[in-house]
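All heavy atoms count here, side chains included; hydrogens, waters and symmetry mates do not. None of the values given here were measured: they were computed from a predicted structure. In what follows, every chain begins at residue 1, and chains take the letters A, B, ... in the order their sequences are listed.
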Amino acid sequence: MVVRFAPSPTGPLHIGGVRTALYNFLLAKKTGGRYILRIEDTDQTRYVPGAEAYIVEALTWCGITFDEGPHIGGPHAPYRQSERKAIYAQYAHELVARGWAYYAFDTEEELEAMRQRLQAAGMVAPQYNAYTRSYMKNSLTLPPAEVQARLRSEPYVIRILVPRNREVRFYDEIRGWVTFHSRELDDKVLLKSDGMPTYHLANVVDDHLMGVTHVIRGEEWLPSTPIHVLLYEGFGWEMPRFAHLPLLLRPDGGGKLSKRDGDALGFPVFPLRWQDPFTGEIANGYREAGFLPEGVVNYLALLGWHPPGEKEIFTLEELIEAFSLKRVQKAGARFDYEKARWINQQHLRRLPIERLAQAVQPFWAQKGLPPLPPERFQKLLELARERAAVLPDILEAVRFFYTPPALPLPSNLADRLNPTVLEALPELLAALSTLTPWLASSLEEAIKGWAKRLGLPLGKVLLTLRLILTGEEAGPSLYQILEVLGLSESRQRLERFLEVHGVPKRV
RNA sequence: GCCCCGUUCGUCUAGCCCGGUCUAGGACACCUCUCUUUCAAGGAGGAAACAGGGGUUCAAAUCCCCUACGGGGUACCA
């Protein structure tokens, strides 16, 4: 099995593209096949600098790797269509010679005039087809001598000659047989006047030349597949198998997810942060939002595909094992950010602590926090990981560690302090100062004993201590907090509290 | 407009191909309870769907047709 992912470098890859790349990857890996990255940069006017590098970086981050591509080379190089320009022209002319294509000389204005005329006659989307081509300027209507003359002196395009009255059928691996009638098809441009191919020609030629056996792409390509089928026939080439994946839809149901949605939907639509080189505009990415690549890939896999069992959390390896086109959904799938977060959370909880520390590190550094010894850092993260769906949640959950409470406490919190506990605070301070070892277990024992002696419910004691030490009402186990804070920091916070608030006198 | 593809809980989906086992299963989100020093996490439970109409059949979520709705396409863009 040979598959390819063929994005056009017109900007960042969006997550729908990532999913297409993922499905191709899973299939290639599962079957021990080959996976090709091909850059479809045939539209020179839409070229965006940095987009190709972004695509490679994003897929690499996701763990999606290739066997061939512009970044690694391979037997079918080059892998940028702009660098294969000459190949397409040659094949386009061959198609003319075979009677499956023709030259057309119509100017933009002439095409526009044709459309206007037909629209005025009530046609919504005029086509260049079997009916209209007969009165346009092309090698089918012009005398051969004039055609030759124009070819030498004028820009021209090559258009496919769509047969007049035929059913074009193909088998889609996900949808079954799909039928179009050739009268619905128009004579698509194959070779543009700048000498570049259009997608239709380039993809067919390259897929053939590169030995692609399965074309797996988004459903938006379904309507142009009959053109591709005709091209394979015109060339006399064996067709690959086709599979058109259901689209990723916006959560509000307003159509397919697109690059242009940027951050407008309230969640990232890109794998990585992207800064538009022209406008400077920045769009957030999953990586920067604190997702693990495992989480993103797992969620994306489940959007439009379902594994045989009821298991939902998968590693990339497990996805490769479980994936199959037969279980891909036909209908479009709405993106659900909440579920994406939940899946990510599951991966966060499973991640080995060293790798979690690695993943959190950039966020830690970005906050300007000083590095901690690995053991202490890991201990801290253990307190927070179960409270986090994305990486920044972890920093939030251990805020107490790097931000001592602002004193005096605001009255809504100060009101919750237990006076009896406050009164006994100096005594507790003294007791804790001699406590060894300084561990959550011994701290728990000491504090529980102390609460008992005071005759107070444990909850009141702990809430008061929590407020004093962290300034927050909720969070990880207080014993763990004390342990990770350490004796000296804990004592400092208690002392500072006493300084600011004073010890209430018993009346 | 035309063409193509689709339609099971709010969302992702199982079941559909090979009709009965479906009083339609799971997950996210939501609600209740539980565990707990708190917040999470965990555990238990709840509410929640076969788009509509016709057929075929002893029997239809499952097969066929129509309608409605949704999506995609309709460029010298991919």
Exercise for the section: Using the P atoms only, state how far B:C69 lies from B:G26, rounded to an integer number of Å. Expected result: 34 Å
Completion exercise
Separation of B:A41 atom C1' from A:Glu386 atom CD, nearest Å, is 5 Å
Problem - Residue pair A:Tyr79 / A:Ile36, side-chain heavy-atom distance below 4.5 Å - result: yes
Practice task
Using a cut-off of 6.0 Å, state whether more than 12 heavy atoms not belonging to A:Lys137 lie near its atom NZ.
Solution key: no
Completion exercise
Among the nucleotides B:C3, B:U37, B:A14, whichever has the atom closest to the side chain of A:Arg327 is B:A14
Fill in the blank from the handout: pair_partner(B:G1), Watson-Crick or wobble, both distances < 3.5 Å, evaluates to B:U74
Practice task
Establish whether the base of B:C5 is bridged to the side chain of A:Arg175 by a donor-acceptor pair shorter than 3.5 Å.
Solution key: no
Problem - Letter per nucleotide, 5' to 3', of nucleotides 68-78 of chain B [B base touched, S only sugar-phosphate touched, - untouched; heavy atoms, 4.0 Å] - result: ---SBSBSBBB
Problem - Distance in angstrom units between A:Glu444 CD and B:U36 P, rounded - result: 12 Å
Completion exercise
Partner of B:U7 under the Watson-Crick or G-U wobble criteria, both distances under 3.5 Å, comes out as B:A68
Exercise for the section: Specify the separation, in whole Å, of atom CZ of A:Arg183 and atom C1' of B:C4. Expected result: 14 Å
Practice task
Please determine if A:Arg4 and A:Glu40 form a salt bridge, counting it only when a charged side-chain N lies under 4.0 Å from a carboxylate O.
Solution key: no
Completion exercise
Scanning all shown strands, the Watson-Crick or wobble mate of B:U56 with both distances under 3.5 Å is none
Practice task
Sorted by first residue and then second, give each side-chain hydrogen bond (donor to acceptor under 3.5 Å, both in side chains) pair with at least one member in residues 448-474 of chain A; sequence neighbours left out.
Solution key: A:Arg416-A:Glu473, A:Glu427-A:Trp450, A:Glu444-A:Lys448
Practice task
Return yes if some donor-acceptor pair links the side-chain N/O of A:Ser193 with the main-chain N/O of A:Val157 below 3.5 Å, else return no.
Solution key: no
Completion exercise
Between NE2 of A:His306 and P of B:G25 the distance, given in whole Å, is 14 Å
Problem - side chain to side chain contact (heavy atoms under 4.5 Å, CB included) evaluation trace for A:Tyr299 with A:Lys339 - result: CA-CA 8 Å; A:Tyr299 177 62; A:Lys339 181 126 186 195; 3.8 Å; yes
Fill in the blank from the handout: Under a 4.0 Å heavy-atom criterion, the protein footprint on nucleotides 27-32 of chain B, written with B, S and -, is BS----
Problem - Criterion side chain to side chain contact (heavy atoms under 4.5 Å, CB included) on A:Tyr23 and A:Leu300, from CA distance to verdict - result: CA-CA 9 Å; A:Tyr23 283 11; A:Leu300 249 26; over 6 Å; no
Practice task
Name the nucleic acid region contacted by A:Gly304, choosing base, sugar-phosphate or nothing; use a 4.0 angstrom heavy-atom cut-off, strictly under.
Solution key: sugar-phosphate
Exercise for the section: With heavy atoms under 4.0 Å as the rule, sort A:Arg416 into base, sugar-phosphate or nothing. Expected result: nothing
Exercise for the section: May I ask you to test the A:Gln346-A:Asn298 pair for a side-chain heavy-atom distance under 4.5 Å? Expected result: no
Problem - Under 4.0 angstrom between A:Arg349 side-chain N/O and B:G42 OP1 or OP2 - result: yes
Handout entry: Lys/Arg N to Asp/Glu carboxylate O, A:Glu52 vs A:Arg80, below 4.0 Å
Key = yes
Practice task
Report yes if a side-chain nitrogen or oxygen of A:Gln346 is closer than 4.0 Å to either non-bridging phosphate oxygen (OP1 or OP2) of B:A41; otherwise report no.
Solution key: no
Exercise for the section: Determine, stepwise, if the pair A:Asp43 / A:Lys192 fulfils side chain to side chain contact (heavy atoms under 4.5 Å, CB included). Expected result: CA-CA 10 Å; A:Asp43 186 352; A:Lys192 302 185 258 190; 4.2 Å; yes
Exercise for the section: Starting at atom CD1 of A:Ile343, determine the distance to atom C1' of B:U11, rounded to an integer number of angstrom. Expected result: 13 Å
Fill in the blank from the handout: Checking N1-N3 plus N6-O4 or O6-N4 for Watson-Crick, or N1-O2 and O6-N3 for wobble, each under 3.5 Å, the partner of B:U62 is none
